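All values reported here derive from a predicted model rather than from experimental measurement. Proteins get letters first, then strands, A, B, ... in listed order; numbering begins at 1 in each.
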Number of protein chains: 2
Amino acid sequence: MTYGADGWTALSDPTRRAIFERLADGPRAVGELARGLPVSRPAVSQHLKVLKDAGLVSDRPVGNRRVYQLNPEGLGALRAYLDRFWTLSLDAFKQAAEQSNKEVS
Amino acid sequence: MTYGADGWTALSDPTRRAIFERLADGPRAVGELARGLPVSRPAVSQHLKVLKDAGLVSDRPVGNRRVYQLNPEGLGALRAYLDRFWTLSLDAFKQAAEQSNKEVS
DNA sequence: CCGCTCCGTAAGTCATCACTTACGGTAAGC
DNA sequence: GCTTACCGTAAGTGATGACTTACGGAGCGG
């Protein structure tokens, strides 16, 4: 149930976000991803492991290669977390604005 | 270098998430936040600076203290980013499922 | 004015992490 | 069977970051 690495730790790295965004265009193999990135292929493999542990991507073997794609599961968890604090932040913002008005008046 | 701190870098740290979640209950001062956390008060100040640079919290001086609260601005940016990839991940997931069915049959 | 509380910042330490090269294991083509 | 391409992992290194203590500035009450 609980993933080894949370989604924010996974997406905090710019290189991992670049991989993540590239996978949004469609499934890609490891070497194909590494070819367009300024890091080595093993580095991409390590990043993909982190993204996989966070539930953000999933992989499947296709012949000789290993194809990765986005996984809605981890993404949904992040969305749920943000939505939980979204309305709360709006309420706090409104209340702060009202209190600020009271102080001014 | 720590150029513009993005929201994921800010929320990747567990201590910062704890601060962030505590602020969801309402505005709090720095010492009040530090009192319930296993880190020192200066550490909380540094974390609040990161959260503020990411646009996730805002602060205002109240007498002698400095009160922090959630800021919808940074939170909205994170939500927008996730929503942009949410449907894409669902599409990729569906297509993968269809292709998997074809392979089985 | 003085002491107290609150807070941010500077400097230093220690762990974590992103990256590299090197290696072993597996599938496809000849 | 042999070579080639693709991939994951191990080991080592340099840099980033999270934390500490120490210090200085600002508001409040005596």
Side-chain angles (χ1 to χ4, degrees), chain A residues 3-23 26-69 71 96 103, chain B residues 1-23 26-69 71 96 99-100 103:
Chain A
Y3 292 105
D6 58 303
W8 281 281
T9 303
L11 289 180
S12 62
D13 183 70
T15 303
R16 273 198 293 267
R17 274 205 300 275
I19 295 174
F20 182 75
E21 295 172 3
R22 270 177 179 264
L23 287 178
R28 299 285 163 83
V30 180
E32 192 178 0
L33 287 168
R35 207 162 294 130
L37 291 172
V39 295
S40 65
R41 183 196 52 77
V44 176
S45 267
Q46 295 167 2
H47 283 311
L48 285 169
K49 179 179 177 59
V50 176
L51 289 171
K52 183 183 174 184
D53 288 345
L56 289 169
V57 302
S58 59
D59 62 330
R60 55 195 162 98
V62 173
N64 199 14
R65 307 174 309 176
R66 187 156 275 263
V67 174
Y68 285 79
Q69 65 173 25
N71 183 12
E103 290 172 359
Chain B
M1 173 180 75
T2 324
Y3 192 67
D6 56 308
W8 283 281
T9 303
L11 290 180
S12 62
D13 184 70
T15 303
R16 274 197 293 267
R17 274 206 300 274
I19 294 174
F20 182 76
E21 296 173 3
R22 269 177 178 265
L23 288 178
R28 300 284 163 83
V30 179
E32 192 178 0
L33 287 168
R35 208 163 292 132
L37 291 171
V39 295
S40 66
R41 183 196 51 77
V44 176
S45 267
Q46 296 167 0
H47 283 311
L48 285 170
K49 179 180 177 61
V50 176
L51 290 171
K52 183 183 175 184
D53 288 344
L56 289 169
V57 302
S58 60
D59 61 330
R60 55 196 162 99
V62 174
N64 201 13
R65 306 174 309 175
R66 189 156 273 264
V67 175
Y68 285 79
Q69 65 173 27
N71 183 11
Q99 190 166 356
S100 181
E103 290 172 359

Counting only side-chain nitrogens and oxygens, does [X] get under 4.0 Å of the OP1 or OP2 atom of [N]?
| X | N | answer |
| --- | --- | --- |
| B:Arg65 | D:dC28 | no |
| A:Tyr68 | D:dC6 | no |
| A:Ser40 | C:dT20 | yes |
| A:Thr15 | C:dC19 | yes |
| B:Arg41 | D:dT21 | no |

Rounded to whole angstroms, how far apart are [atom1] on [X] and [atom2] on [N]?
| X | N | atom1 | atom2 | answer |
| --- | --- | --- | --- | --- |
| B:Asp59 | C:dC6 | CG | P | 18 Å |
| A:Glu32 | D:dA5 | CD | C1' | 14 Å |
| B:Asp53 | D:dA18 | CG | P | 13 Å |
| A:Arg16 | D:dT16 | CZ | C1' | 13 Å |
| B:Asp13 | C:dA15 | CG | C1' | 13 Å |
| A:His47 | D:dG8 | NE2 | P | 13 Å |
| A:Leu37 | C:dC19 | CG | C1' | 13 Å |
| A:Leu48 | C:dC19 | CG | P | 12 Å |

> Quick one: does A:Arg22's side chain have a donor or acceptor within less than 3.5 Å of a partner on A:Gly36's backbone?
Replying inline: yes
> Any sub-3.5 Å donor-acceptor pair from B:Arg16's side-chain atoms to B:Ala10's backbone N or O?
Replying inline: yes
> Do other residues, nucleotides or ligands put more than 12 heavy atoms under 6.0 Å from the CZ atom of A:Arg65?
Replying inline: no
What's the closest nucleotide to the [X] side chain, out of [options]?
| X | options | answer |
| --- | --- | --- |
| A:Gln46 | D:dT9, C:dT20, C:dC7 | C:dT20 |
| A:Lys49 | D:dT9, D:dA18, D:dG8 | D:dT9 |
| A:Arg35 | D:dT20, D:dC6, C:dT20 | D:dC6 |

> Does some side-chain heavy atom of A:Thr9 sit less than 4.5 Å from a side-chain heavy atom of A:Val50?
Replying inline: no
> Does a distance-only test, which skips hydrogens and angles, find a donor-acceptor pair under 3.5 Å between the side chain of A:Asn64 and the base of D:dA5?
Replying inline: yes
> Can a donor-acceptor pair under 3.5 Å be found between the side-chain atoms of B:Arg66 and the base atoms of D:dG27?
Replying inline: no
>> Taking any heavy-atom pair under 4.0 Å as a contact, classify A:Pro42: base, sugar-phosphate, or nothing.
In response: base
>> Out of the candidates B:Lys52, B:Lys49, B:Gln69, only one should pair with B:Asp59 under the side-chain hydrogen bond (donor to acceptor under 3.5 Å, both in side chains) rule; please name it.
In response: B:Lys52
